[in-house]
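A short worksheet on the structure shown next.
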Amino acid sequence: MLTTRPRGTNDILPGEVEKWHYLEKVCRRVCSDFGYQEIRTPIFEHTELFLRGVGETTDIVEKEMYSFYDRGERSITLRPEGTASTVRAFLENKLYAEPQPTKLYYIGPMFRYDRPQAGRYRQFHQFGIEVFGSNHPSVDAEVIGLACTVLEKLQLTGLKVHINTVGCPQCRPRHLKALVDYFSDKKDKLCKTCQERLNKNPLRILDCKSDICRELAKDAPTTRSSACPSCEVHFTKVLKYLDALGIEYVVDPRLVRGLDYYTHTAFEILVEGIGAQSAICGGGRYDGLIEQCGGKPTPGIGFAMGMERLLLTLETKGIDLSQLLTHPDVYIAAIGEKPQEEAFKLAMELRRKGISTEKDYLDKSLKAQLKAADRLGVKYTLILGDEELKARKIVVKEMAKSEQTEIPIDDIINYLERGLKTND
RNA sequence: GUGGAUGUGGCGAAGUGGUUAACGCACCGGAUUGUGGCUCCGGCAUUCGUGGGUUCAAGUCCCAUCAUCCACCCCA
């Protein structure tokens, strides 16, 4: 236990963490190109925020939250997603008072108590964006376009954008009623979970995986078929804007999303080959949420991307990120106490100059130090012993060429700077 | 919360109940003076996730427990 991490969490080790840096860099870069600014909110919030913001009947709230009482008897919850916190921050910091819309992004850990499996963890990481203050359909398309751009920059192609409209407060009740009407005489034929869904969340029957339910749901009223005229207009415009961007999509009438706050546009980006959890990105519009959280009626839209799933995807697509690994430029091998001392000082000096330098810390033999230098992949190994010290010189060995020369110690920085500049 | 699979050194992986737990990789050291990548030699699990039990004898059988993986539910 002492040496075992909690279930569903991961250590991101050297060799792996470089990939995360790269992913984050791409996300930040694309966001900045699109005019989105980063926001960092707390990792925990008052539990009420998620009850209200995510929805009391969602699975997240009903069974997946990491909640606890702090020493002040306040109920605190580790954030299960990013939208609620972002909305809270938008309201609390009165960002609505600035020119609208507000375009934000976040990257960070989220927490859900769930059984781990491929692409699903209890602590996982999301990159997400939110736009508050515009219900313009081009924003819907832009948000999707941003997600696609990130994936493109990562050289991920062939991903499917699924899109649907889930309606608005006007047409949603109508649709729910139509659904219930449609299924009520077929109820006993539905699978057990769908029978429950009929009362609890009839929308979800539409994407049940059971063949029987699929068959039964084939002619069910879709959210689109029950959409009110304004929803339909919005949706067609979104599609038109997507066409304008040249983004390929599949209108998927069975796509519904699990969080209560979605309205109008809902979308997912799916990949094959990363296990059962195939959505690497999910999002949509939530025009009622900000009001729900105590703000003035303000439209909003966003998505979240699962970083672990992105990484899995990169892996299965065979996209090689190994060139991201960095290695030191210089290794200093020293023999003897006095040279070690000098090597220590020299290493520090080189590092301050921005020359990445490694040395021995275990009094290894020269042979072993050379071996270590080789494995680190340095360009130069400096060899320093009593003889060199006496002559105020240092041996510089260029590893790839197996050539070495003696350089006066005082010139070494210049020499290395020149040598490292030329190639790589 | 439910179901299935797995659990031997840092990693991969042999091991039909019976003396000292293969092998490969990695790691460490050495092959005469202070020099890497190839080769050769040597070292590296009082112990088989943990705890019980069966047995003269268990890594090998049984039970429990924990963990991991995968799937369901749901979601990123």
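To find a chain, count down the sequence lines: A is the first, B the second, and so on, and within it residues start at 1.
Across all strands shown, A:E308 has no heavy atoms under 4.0 Å from either base or sugar-phosphate atoms. Residue contacts for A:A118: at a heavy-atom cut-off of 4.0 Å it reaches the sugar-phosphate backbone alone, with no base atom in range. Residue A:I280 is in sugar-phosphate contact alone, with no base atom involved, counting any heavy-atom pair closer than 4.0 Å across all strands shown. Using a 4.0 Å heavy-atom distance criterion, A:F127 is classed as making no nucleic acid contact. Residue-level contact check: A:G275 touches the backbone only, with heavy atoms under 4.0 Å from sugar-phosphate atoms and none from bases. Among the heavy atoms of the strands lying under 4.0 Å from A:E388 is at least one base atom, whether or not backbone atoms are also near. If you check every strand for non-hydrogen atoms under 4.0 Å, A:R115 touches a base. Within 4.0 Å (heavy atoms only), A:Q369 reaches no atom of the nucleic acid at all. If you check every strand for non-hydrogen atoms under 4.0 Å, A:A368 touches sugar and phosphate atoms only.
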Quiz item: How does RNA chain B look in dot-bracket form if you count Watson-Crick and G-U pairs under 3.5 Å, write [ ] for pairs that cross, and put | where a base pairs with another strand?
Solution: ((((((((.[[[..)..(....]]].(((((.......))))).....[[[[[..)....]]]]])))))))....
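The side chain of A:L366 approaches B:rG34 more closely than any other nucleotide in the set B:rA31, B:rG34, B:rA76. You'll find that the side chain of A:T4 is closest to B:rA67, out of B:rA67, B:rA76, B:rU35. Listed nucleotides B:rG29, B:rU35, B:rA71 differ in distance to A:K364; the shortest reach to its side chain belongs to B:rG29.
For the OP1/OP2 pair of B:rG37 and a distance below 4.0 Å, the side-chain nitrogens and oxygens of A:R375 include no atom meeting the criterion. A close approach under 4.0 Å does occur between a side-chain nitrogen or oxygen of A:Q117 and OP1 or OP2 of B:rA71.
Side-chain to base pairing of A:R112 with B:rA76: one donor and one acceptor N or O lie within less than 3.5 Å of each other. At a cut-off of 3.5 angstrom, the base of B:rU35 holds at least one donor-acceptor pair with the side chain of A:K397.
For the side-chain hydrogen bond (donor to acceptor under 3.5 Å, both in side chains) with A:H234, the qualifying choice from A:T263, A:N135, A:D140, A:D287 is A:D140, the only one to do so.
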Donor-acceptor pairs under 3.5 angstrom involving side-chain atoms of residues 106-115 of chain A: please list them, not counting sequence neighbours.
from: A:R112; atom 1: NE; to: A:P80; atom 2: O; distance (Å): 2.8
from: A:R112; atom 1: NH2; to: A:P80; atom 2: O; distance (Å): 3.0
from: A:D114; atom 1: OD2; to: A:R120; atom 2: NE; distance (Å): 3.4

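Stacking of A:K359 on the aromatic ring of A:Y361 is recorded, both the 6.0 Å distance cut-off and the 45° axial limit being met.
Using a 4.0 Å cut-off between a side-chain N of Lys or Arg and a carboxylate O of Asp or Glu, A:E403 and A:K397 do not qualify as a salt bridge.
Ring planes of A:F132 and A:F90: tilted class, angle from 30 to 60°.
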